[in-house]
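As structure tokens, the structure follows; a few thoughts come after it.
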Amino acid sequence: MNNQPSKPYKRHTVTAALPYANGPIHVGHLAGVYVPADIYVRYLRLKGEDVIYICGSDEHGVPITIKARQEGVSPQQIVDKYHHLIKKSFKEFGISFDVYSRTSAPVHHETAASIFKTMFEKGAFIEKDSEQYYDEENKQFLADRYITGTCPHCGYEKAYGDQCENCGTSLSPDELINPRSMLSGNKPVLKKTRHWYLPLNDHEPMLRQWILESHKNDWKPNVYGQCKSWIDQGLQPRAVTRDLDWGVKLPLEGTEGKVLYVWFDAPIGYISATREWGEAHGKDWEKYWKDPESKLVHFIGKDNIVFHCIIFPVMLHAEGSYILPENVPANEFLNLEGDKISTSRNWAVWLHEYLQDFPGKQDVLRYVLCAAAPETKDNDFTWKDFQARNNNELLAIFGNFVNRTLVLTHKYFDGRVPKAGQLTDADREALESLKLFPDIIGKNIEQYRFREALAQMMNLARLGNRYLTEAEPWKIYKENPGRVQTVLNICLKLCAGMALLSEPFLPNTAKKLQQMLNLKARAWNEAGQTELLAPGHQINEAELLFEKIEDAQIKAQVNKLLEIRKNNNQEQVTESVKAPVNFDEFSKMDIRVATILEAEKVAKTKKLMKIRVDSGLDQRTVVSGIAEHFEPEALIGKKVLLLANLEPRKIKGIESHGMLLMAGNKDGALAFVIPEEGFENGSVIS
RNA sequence: GGCGGGGUAGCUCAGGUGGUUAGAGCGUCGGAUUCAUAACCCGAAGGUCACGGGUUCAACUCCCGUCCCCGCUACCA
């Protein structure tokens with residue numbers, strides 16, 4: 001990460017991951033992607049660089065069509081709702097996109113279709129036919145999520161084609177017993193369909209050279225390692241089309257009902273957004289994507305590494321005229337109060353709610369999220385930490401130094417910048433240190449070390465506090481007002497430096513401070529210079545930059561989360577009640593007491609145990625997913641309940657005849673279920 | 001199970017081609033101070049650098065093994 005190639009770039013193309021338009025933005029998104037990217041581009045702008053910051057809503061894909069169905073509205077209505085909510089909250093929060101577009105925009109459909117077409121004409125795809133479930137009444141192929149049926153594992157009747165919500169198992173549609181189309185309720189039929197695949201494997205030499213060799217030292221370890229892992233495991237062709245009516249239509253004859261797979265069209269959204277910006281501002285957008293002197297950087301979360309480091313670059317490379325990203329600084333995940341953030345479980349701090357609950361405190365959240373950004377490993381957001389960082393750092397160190405300086409300037413010199421006299425060693429030291437900060441902070445930002453950059457920015461304020469305290473102007477004013485002039489002159493210079501250097505991190509605070517100092521906006525490199533404020537310059541009234549956040553406010557937020565946690569636990573209980581069965585259905589089950597004779601772990605699995613049982617009728621082999629909970633030796637001789645007439649099934653090459661019945665609690669622990677006294681093998685449960 | 005990332009003070013994190021007393025911020029405790037939103041400033045306590053082996057004159061830093069957390073992946077009848 002340290003050896004930045006010193007290639008000179010003429011311009012910067014910075015993208016932030018497109019938020020999926022099926023929910024609002026939360027602190028995890030901000031800390032991982034939008035805040036770091038925003039700091040980066042604000043810094044580049046202050047350096048006078050040519051930079052464009054691109055984002056937009058990702059609005060295609062099956063989950064949005066599902067959500068639309070559930071709510072009885074069109075997919076467009078869903079994405080409209082979230083697109084506007086997201087766009088508005090970003091704007092209010094101060095994420096300074098040059099353009100925030102959306103993938104349902106006509107310019108995106110055109111761009112994505114055209115890129116597909118170019119690739120198609122260059123022979124970048126392979127075509128393959130396969131059989132997929134089709135709803136004859138609605139005349140359409142069914143996405144995995146649109147097929148429902150009985151879960152082959154737990155018997156839950158409303159399992160989806162990709163996952164059973166009851167037992168959490170991931171499925172494929174052909175595993176479902178008695179599959180039904182969610183559109184018509186009919187039994188779907190298998191029908192042949194044609195799809196286009198991107199042969200990622202053909203591009204392996206390019207990826208090896210580009211990532212493994214030329215970016216070995218400047219990509220983050222998590223990103224580089226993940227890419228290496230994927231490349232070494234061998235890449236597979238990946239379908240780029242789907243049978244769906246929500247998305248970018250294929251620009252080929254005779255392909256009605258087919259759209260680009262969402263992962264293919266989404267990253268192209270960066271390009272179409274740039275095009276939209278270029279057309280609106282009369283700028284040549286293509287330079288930002290095609291000129292090798294443009295530096296392309298993708299800010300994303302770790303879940304997106306493969307798309308931005310492998311798949312999208314392969315697309316760009318196959319298209320032929322595009323540049324590849326110079327870096328992809330992916331962050332890890334942010335947890336909330338110890339638990340994973342979850343949109344569906346409402347376990348999140350939502351940006352639009354934060355903006356309501358803490359009006360005018362955008363910079364506080366920016367500060368906290370940057371200081372605790374998950375740069376090298378997952379991190380935890382807590383309200384207590386939020387409060388502490390505001391009260392003990394922003395307010396006590398940054399705000400306090402500015403306030404002390406301005407109050408003293410007004411008190412002694414009527415708000416006019418005093419003239420510096422003879423400099424002492426301490427004075428010179430302070431000014432020398434100030435000069436170093438633009439470079440120190442800037443270098444850290446350029447290397448995507450935002451936490452360290454922010455800490456350095458705060459060190460400038462610490463330096464100011466120490467200098468001021470040691471100089472003690474309030475003590476010496478009477479006998480030596482000339483000395484006080486020099487001290488405050490230097491303190492004001494430090495404040496002026498802070499007013500510029502804090503801008504990428506705390507843009508609203510920086511602006512406020514610049515207004516208080518009556519300072520015109522300057523370039524980044526001027527921050528270290530000492531003549532920003534001329535003697536005699538009139539400054540404005542001192543206002544507080546930050547206010548204390550009281551315990552009550554924090555308590556309210558914590559309580560809100562506790563309430564959500566409580567609701568989630570209750571919902572889990574009610575949701576897991578299965579559909580009613582009648583007695584006949586129940587009596588089909590042949591459940592018997594059995595004894596475990598042998599048990600061994602199945603090789604190369606985490607959960608599977610191969611178990612030999614005596615069922616009273618016979619001895620048989622059962623494969624059971626309990627290996628995480630028990631040691632094989634501990635099982636031998638144990639009495640268990642056996643579902644004896646479950647259809648045999650091969651698991652990992654082993655034929656399993658039946659199923660062991662276990663009790664499982666909400667923590668995921670398992671326990672045996674057996675008769676109280678030693679009933680003999682074969683005893684029937686009814 | 002495979003692959004990747006991580007495991008360093010109460011909390012959030014730095015660090016090192018191996019080399020004297022392992023660093024910072026916040027928190028805690030003590031002192032000093034009053035210009036300042038009980039804030040600032042000074043000082044202290046606090047770490048077997050996940051665990052076990054090995055290489056070495058010397059390892060937190062290199063090698064092997066184990067455990068734990070996160071992600072991808074296989075798998076869950």
Side-chain angles (χ1 to χ4, degrees), chain A residues 151-155 164 167-171 175 177 220-233 301-306 330 332-333 335 340 368 371-382 384-385 388-389 391-397 399-412 449 451-452 454-456 458-459 461-462 464-475 477 484 487-488 491 542 544-549 601-609 622-628 643 646-652 656-661:
Chain A
C151 173
H153 307 225
C154 69
C164 172
C167 64
T169 305
S170 56
L171 302 168
E175 289 181 280
I177 299 161
K220 294 172 69 160
N222 57 341
V223 177
Y224 182 87
Q226 188 68 55
C227 291
K228 185 171 189 316
S229 164
W230 272 72
I231 294 169
D232 287 347
Q233 274 173 41
K302 67 173 160 184
D303 52 333
N304 250 328
I305 290 174
V306 157
E332 302 282 310
F333 287 155
N335 293 326
K340 234 176 268 195
V368 172
E375 280 178 11
T376 53
K377 62 178 176 200
D378 290 358
N379 210 338
D380 199 26
F381 176 93
T382 65
K384 195 169 162 255
D385 182 61
R389 288 197 188 270
N391 293 354
N392 305 332
E393 297 181 28
L394 278 180
L395 187 153
I397 296 166
N400 191 33
F401 173 61
V402 169
N403 190 237
R404 297 169 81 187
T405 300
L406 297 203
V407 165
L408 288 170
T409 303
H410 281 288
K411 180 168 176 179
Y412 295 136
R449 292 153 57 140
R451 283 188 312 215
E452 178 62 19
L454 180 68
Q456 288 296 341
M458 291 299 285
N459 276 346
R462 289 191 180 94
N465 275 318
R466 190 177 317 119
Y467 171 78
L468 181 57
T469 300
E470 282 166 5
E472 297 183 305
W474 49 91
K475 265 193 181 168
Y477 181 70
V484 173
V487 170
L488 284 180
C491 284
L544 297 178
L545 288 175
F546 304 100
E547 57 186 27
K548 201 164 181 186
I549 292 175
K601 285 188 80 162
V602 179
K604 296 192 177 183
T605 69
K606 200 192 295 188
K607 298 184 179 176
L608 296 187
M609 191 89 82
V622 174
V623 178
S624 179
I626 60 172
E628 284 184 306
L643 176 56
L646 187 66
E647 293 178 346
R649 179 156 175 142
K650 261 199 174 178
I651 302 157
K652 275 275 160 186
S656 177
H657 299 268
M659 171 173 168
L660 302 190
L661 303 187

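Side chains are part of it too, since the values below use all heavy atoms of this structure and drop only hydrogens, waters and symmetry mates. Chain naming here is simple, since letters A, B, ... match the order of the sequence lines and numbering starts at 1 in each. It should be emphasised that the depicted structure is a prediction, and the values quoted were computed from it without experimental measurement.
In terms of heavy atoms, A/N391 sits closest to A/E547 at OD1-O, 4.5 Å. Counting all heavy atoms, side chain and backbone alike, A/V484 lies closest to A/P473 at CG2-O, 3.5 Å. In plain terms, the two heavy atoms of A/F333 and A/D378 that are nearest each other are N-OD1, 2.9 Å.
The A/K475 side chain lies nearest to B/U33 when the options are B/G5, B/U33, B/A14. The nucleotide whose nearest atom lies closest to any side-chain atom of A/L544 is, among B/C40, B/U34, B/U37, B/U37. The side chain of A/A396 lies closest to B/A39, out of B/A36, B/C26, B/A39. Distances were taken from every side-chain heavy atom of A/R449 (C-beta onward) to each of B/C35, B/G5, B/G15; the shortest belongs to B/G15. Counting only heavy atoms from C-beta on, A/P221 has its side chain closest to B/G6 among B/G6, B/U37, B/A14.
To the nearest angstrom, P of B/C35 lies 13 Å from CG of A/N403. A straight line from CD1 of A/I231 to P of B/C72 spans 19 Å, rounded to a whole angstrom. As a whole-Å value, the separation of A/N400 CG from B/C41 P is 9 Å. Separating the CG atom of A/L468 from the P atom of B/C41 is a distance of 10 Å, rounded to the nearest angstrom. With rounding to whole Å, A/Y467 atom OH is found 19 Å from B/A36 atom P. Residue A/K548 contributes atom NZ, which lies 7 Å from atom P of B/A38 at whole-angstrom precision. Taking atom CZ of residue A/F381 and atom P of nucleotide B/U12, one finds them 14 Å apart after rounding to whole Å. A straight line from CD of A/E547 to P of B/A39 spans 16 Å, rounded to a whole angstrom.
A heavy-atom distance below 4.5 Å is found between the side chains of A/V487 and A/L468.
Between the C1' atoms of B/C72 and B/G53, the separation comes to 31 Å (whole Å). Between B/U28 and B/U34, the two C1' atoms lie 24 Å apart (nearest whole Å). Nucleotides B/G4 and B/U12, compared at atom C1', are 24 Å apart to the nearest Å. Taking atom P on both nucleotides, B/C64 is separated from B/G18 by 15 Å, rounded to a whole Å. Nucleotides B/A14 and B/U8 have their C1' atoms positioned 10 Å apart, rounded to a whole Å. The same atom, P, is picked in B/C49 and in B/G10; the two are 13 Å apart, to the nearest Å. If you take atom P in B/G23 and the same atom in B/C40, they sit 24 Å apart, rounded to whole Å. The C1' atoms of B/G52 and B/C68 are separated by 15 Å, rounded to the nearest whole Å.
Atom CG in A/N392 sits 8.0 Å away from atom CD1 in A/I397 (nearest 0.5 Å).
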Nucleotide N/O to protein N/O under 3.5 Å, stretch nucleotides 27-30 of chain B:
from: B/G27; atom 1: OP1; to: A/N392; atom 2: OD1; distance (Å): 3.4
from: B/G27; atom 1: OP1; to: A/N392; atom 2: ND2; distance (Å): 3.1

Between the protein and nucleotides 42-44 of chain B, list the N/O to N/O atom pairs that are separated by less than 3.5 angstrom.
from: B/C42; atom 1: OP1; to: A/R466; atom 2: NE; distance (Å): 3.1

What does the list of N/O pairs under 3.5 Å between the protein and nucleotides 69-71 of chain B look like, with a distance for each?
from: B/C70; atom 1: O2'; to: A/K302; atom 2: NZ; distance (Å): 2.5
from: B/C70; atom 1: O2'; to: A/D378; atom 2: OD2; distance (Å): 2.8
from: B/G71; atom 1: OP1; to: A/K340; atom 2: NZ; distance (Å): 2.4

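At the phosphate of B/A36, neither OP1 nor OP2 sits under 4.0 Å from any side-chain N or O atom of A/N465. Within the structure, every side-chain polar atom (N or O) of A/K377 is placed at least 4.0 Å from both OP1 and OP2 of B/A14.
Partners of A/E472 according to the side-chain contact (heavy atoms from CB on, under 4.5 Å) rule, which considers only residues two or more places apart in sequence or in another chain, are A/W474, A/K475. In this structure, the side-chain contact (heavy atoms from CB on, under 4.5 Å) partners of A/E452, at least two apart in sequence or on a different chain, are A/N444, A/R449, A/Q456.
No side-chain donor-acceptor contact under 3.5 Å links A/R462 and A/N465.
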Can you give the dot-bracket line for RNA chain B, where a pair is Watson-Crick or G-U wobble with both atom distances under 3.5 Å, crossing pairs use [ ], and | marks a partner on another strand?
(((((((..((((.....[...)))).((((.........)))).....(((((..]....))))))))))))....

Salt bridge (Lys or Arg N to Asp or Glu O under 4.0 Å), that's the test. Do A/E332 and A/K377 meet it? Break it down for me.
CA-CA 6 Å; A/E332 302 282 310; A/K377 62 178 176 200; over 6 Å; no

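Note on A/T376: only backbone sugar-phosphate atoms sit closer than 4.0 angstrom, heavy atoms only; bases stay farther off.
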